[in-house]
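Before any comments, here is the structure.
Chain letters run A, B, ... following the sequence lines, proteins first, then strands; residues in each count from 1.
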Amino acid sequence: MSQNPDTLVQLQGVSKRFGSVVALDDLDIDIKAGEFVTFLGPSGCGKSTTLRILGGFEKPDTGRVILDGEDVTRLPPNKRKVNMVFQDYALFPHMSVAQNIDFGLELKGMSVSQIEARRQEVMSFLELDEFGSRYPDQLSGGQRQRVALARALAPDPALLLLDEPLGALDAKLRSQVQQELKAIQRRTNTTFFFVTHDQDEALTMSDRIVVMNGGKVEQDGTPEDLYLRPASRFVAEFIGETNLLNGHCLGMEGDEVVIDWLGTPVRARAGGLQPIKGSKVTCSLRLEKLGCVPSRSGSEMGIPAHIANKVFMGSRTAVTVSVDAAPEVLLRAYVDAEMAIGSVGDAVQIDWDSANLALLRQ
Amino acid sequence: MITDVQNQQKQSSVSSLASESGNAGQGPGDRIPFWGRVSGRRGYQALVDFLFASERRQFALLAGIPFIWVLTQHLGPVLQMLYVSFLDAYPVAVGAQTHLTLKHYLLFFEESVYRMPFLRTMTYSFALTFATLVIVYPVAYFLARHVKRQNQLAFLLLLLIPFWVGEIVRTFAIMILLGNNGAVNLLLKSLGFIDRPIPFMYTGFSVSFGVIYLTSLYMLLPLYSALEKIPASYSEAASDLGAGAWTRFRRVTLPLSYEGVASGCTLVFLMSTGFYAAPVLLGGPSTTVFAETIAGFFHVAGDRWPTGAAFACILFLASLTITALFMKFMGRLSSRGRR
Amino acid sequence: MTGKTRILMSLIYAAFVVYVFVPLSMMVVMGFKDSKFIGFPIKSWTLDWYGRVFQDTEVMSVFGYSVLIAIGSTLVSLLIGTWIAVLLAGRKFFGRALIFSLTILPAVVPGIISAIAFRIYARLLGIEPGMMAVIWAHAVHNVPFVVLVIVARLSTMPTNYIEAARDLGADPLVAFTRVTLPYLRPAMIGAGIFCLLLSFDDFVRSYFLGGYQPTLPVLIFSKLRSGMSPEINAISTIVIVLTAVLGVWAERSMRRMNGASR
């Protein structure tokens, strides 16, 4: 494997079983310094196991973990330049905020004045200045989360692990903390390894998202890649909402594949896939990328359909349409709430830009 | 790989500030805190690395002392007692040979002087355990079901304090209470029920009274914790189905508290068989219990230790057997109640 | 539940409280009686018996001796009990159930049998009857109580406290001393006081292993056998007061544990 100078962490062929359950199956991942990487997936997909292997709390059955050019596979957690923000923060209840932060600094062998300086720096950075003498049970959820972050950042780790750290916060606070966390990551320039099952969290914060399923990587890319160009059906369905279009491959045209969908030839972005002519294929089309206009508007370019259901959602309206060519096929679309789309049973035309129809791996 | 709009510029980061503050203010009086100094020591690190090198070594480190302690200090005395009970003489005289023998056990079956106290101990313990259960159950029930949760601890504490006072002091208290000039006789006399004091002391009554006084807490706590666990909604559900107070208790609460009954009775029974001071102080010649018989062999010069050990083994075995049978019975009772 | 049963139940509770307290209060009252004979009626009151107790060098030295034994045995019980508890509360291993049962064994062996077994085993170990023998017997007997309290406390400790400590650079030893031990502190205080009381009040083991030097309960026992005297009431009253103070302290320590964890 090539050693890129920017690479901070390398997982090479890492596998882990718990009894008969395969948690990780031959995982290969490189993480660059300064990246905000999110491991996303349902529970049991292997994302937490990856995190615990990086932290040193689990030893992989096979494979190697390279951190900063050094093989740390067998190194215990206390000897790694890696710190972690735990799911429920794991703040020591018998220590004040300041003592919690000092804990890691003391064990680095720093002197009293160094510890003092570093603690104040981290605390003012995270706006915790007035909480130094408070105890964890005297803090709110958001404050605890910041203390946990301060405690983990204080020893200046090469890699910061975050194990669903926003799970304990209420929805409103969570979106605010998401922004803060991203800003903190930029300003400290520390590599963040974030684990979550919440796709919104992943999409808003990450530079890069690795979608895991069944101990394997489903897709590895930027949030835009994952959302707009999902590589597999799992990713398309796990992230956001999508329409799945099933058809037969008619052939390739450059980067695009032509598909027979309900008797209509449609074009989809192949994204490097080369389906065999005549084979069954599935494509993903995001709800907001599906155009839907009333038939009476004069544009006869689209595919005819009828409105099957309509739900007003505030800023937009979710419309379910039944395609005329096959009334059992239902597609969903978001339309502007102001638009007079008509009511249930009215005829509509649907269409989309072929760049937004993404061919999925079978 | 992905190259998103990544923030590659090195801003004034926390990490870079760290190295600056690292050099600041390292004056001569600037010491390193204790834990930093300890874990920085090379010798200490080597020791820790050695001790925690492998899972197996960690476990050996953790389990070594407990295993040795439990086997030699907890099991050891019982096994040694069992062993001594089969010796013909102990302590062994210098140069003498010891032989294994059953004669101490046979002695128990031959002499009615020994059998009587044994049977008395068993019947007393059995009857007193039952009496304690009957007396304490309503108290535990009241505590668990009728007292507000936030007050329960205070109500319980009120009863706990006297029970922390030792066996001897409480036995003495019973002696004063039941004495010829004691509070009970005084009360009865002033109420005009009696002219002459009733001799409560040095009888089976005073022993029983004392033993119940000593054991009731050990009945109360298991009963209370079992009853406290039963959700009040069960009783409400039963009453909703038309069950009266007695039916509710008999069909719902009582079966669910069997576990507490079983452990409370076991504890109290085992304790009752082993009391020594209370029967000595409260009882008379007609109430000699087996514990006094056993103790007798240890007050003489020592050559009768094996007999004492054998008798202690008999008592222990009998208590354990009765306890085990009782537990089995309670287990069957509660499983039948469940069905 | 109907109001009638409720009243009946509270009467039963009240009766039980009376039953528990009356004998002890009678005894306390007798300690202030200005007469050598214990019993009613009481004609005049005095504090003489207390003065006598504090001037009685034998009682005072026995008291000190008992306190020493209590402290010594408690320290041993706490050390070993905590160690066993940490083992039992940790990950599963072969034979854990057996070790647990053996741990509890000394608490369920009936008093006289326990005393006899310790007496015999002390000879095997070469411990002469006396202070060391009593400390040893009390320590072994009290270990199960420590284990039960500490195991209960450990079971409430989130495992990620230790992981967090390890993550921040602590080796297993440092993580234990700086995180686990402080977390156990209230439980250890509670268990420790409980051990002090058990040891201080123990009669049967002290009696059989004590040799010629009595502990306080043994002294009271032998005084009682030679006849009752209000001096014993005074000693007992002092014991009750001490016990109550320590007991309430232990209870508070344990209760705080269930609330805030600090």
Check your understanding: Which class fits the ring pair B:His146 and B:Tyr141: parallel under 30°, tilted 30 to 60°, perpendicular over 60°?
Key -> tilted

Check your understanding: Given a strict heavy-atom distance threshold of 4.5 Å, which part of B:Val280 is in contact with chain C: side chain, backbone, both, or neither?
Key -> side chain

**Study point:** chain B contact via C:Leu216 - side chain, backbone, both or neither, heavy atoms under 4.5 Å
**Key:** neither

Review point. Is chain B contacted by the side chain of C:Ile84, its backbone, both, or neither, given a heavy-atom distance below 4.5 Å?
Key: both

Review point. Measuring heavy-atom distances to chain B, does C:Val28 have an atom under 4.5 Å in its side chain, in its backbone, in both, or in neither?
Key: neither

Point to revise | Interatomic spacing from OG1 in B:Thr266 to CG in B:Leu320 - rounded to 0.5 Å | key: 10.5 Å

Check your understanding: Non-hydrogen atoms of chain B under 4.5 Å away: do they reach the side chain of C:Leu24, the backbone, both or neither?
Key -> both

Practice item. Below 4.5 Å from any heavy atom of chain B, which atoms of C:Ser10 appear? Answer side chain, backbone, both or neither. Key: both

Exercise for review: Count the heavy-atom pairs under 4.5 Å between each of B:Tyr44, B:Phe290, B:Phe269 and chain C, then report the option with the highest count.
Suggested key: B:Tyr44

Exercise for review: Select one option (side chain, backbone, both, neither) describing which atoms of C:Val218 are under 4.5 Å from chain B's heavy atoms.
Suggested key: neither

Exercise for review: Report yes if the distance between the aromatic ring centroids of C:Phe194 and B:Trp164 is under 6.0 Å, otherwise no.
Suggested key: no

Review point. For the residue pair B:Phe298 and B:Trp305, does the interplanar ring angle fall in the parallel (under 30°), tilted (30 to 60°) or perpendicular (over 60°) class?
Key: tilted

Point to revise | Ring-face cation of B:Arg57 near B:Phe50 (centre distance under 6.0 Å, axis angle within 45°) | key: yes

Point to revise | Side chain, backbone, both or neither of B:Val165 within contact of chain C (heavy atoms, under 4.5 Å) | key: both

Point to revise | Heavy-atom proximity to chain C below 4.5 Å, by part of B:Leu71 | key: side chain

Practice item. Answer yes or no: is there a side-chain heavy-atom contact under 4.5 Å between B:Phe200 and B:Asn185? Key: yes

Practice item. Using non-hydrogen atoms and a 4.5 Å limit, figure out which bit of B:Val48 sits close to chain C: side chain, backbone, both or neither. Key: side chain

**Study point:** Pick from B:Tyr213, B:Phe52, B:Phe59, B:Phe163 with the largest number of heavy-atom pairs that fall under 4.5 Å of chain C
**Key:** B:Tyr213

Check your understanding: Which region of B:Glu55, side chain (C-beta onward) or backbone (N, CA, C, O), has a non-hydrogen atom less than 4.5 Å from a non-hydrogen atom of chain C, or is it both or neither?
Key -> both

Check your understanding: Which word best sums up how the rings of B:Tyr276 and C:Phe203 line up, parallel for under 30°, tilted for 30 to 60°, or perpendicular for over 60°?
Key -> parallel

Exercise for review: Against chain B, label C:Asp202 side chain, backbone, both or neither, depending on which of its atoms sit under 4.5 Å from a heavy atom there.
Suggested key: neither

Check your understanding: Are the side chains of C:Thr215 and C:Leu219 in touch, meaning some heavy atoms are under 4.5 Å apart?
Key -> no

Practice item. Apply ring pair (Phe, Tyr, Trp, His ring centres under 6.0 Å) to the pair C:Phe208 and C:Phe118, showing each step before the final yes or no. Key: CA-CA 9 Å; C:Phe208 281 93; C:Phe118 282 134; over 10 Å; no

**Study point:** Residue part contacting chain B, namely of C:Ile80, when any heavy atom lies under 4.5 Å
**Key:** side chain

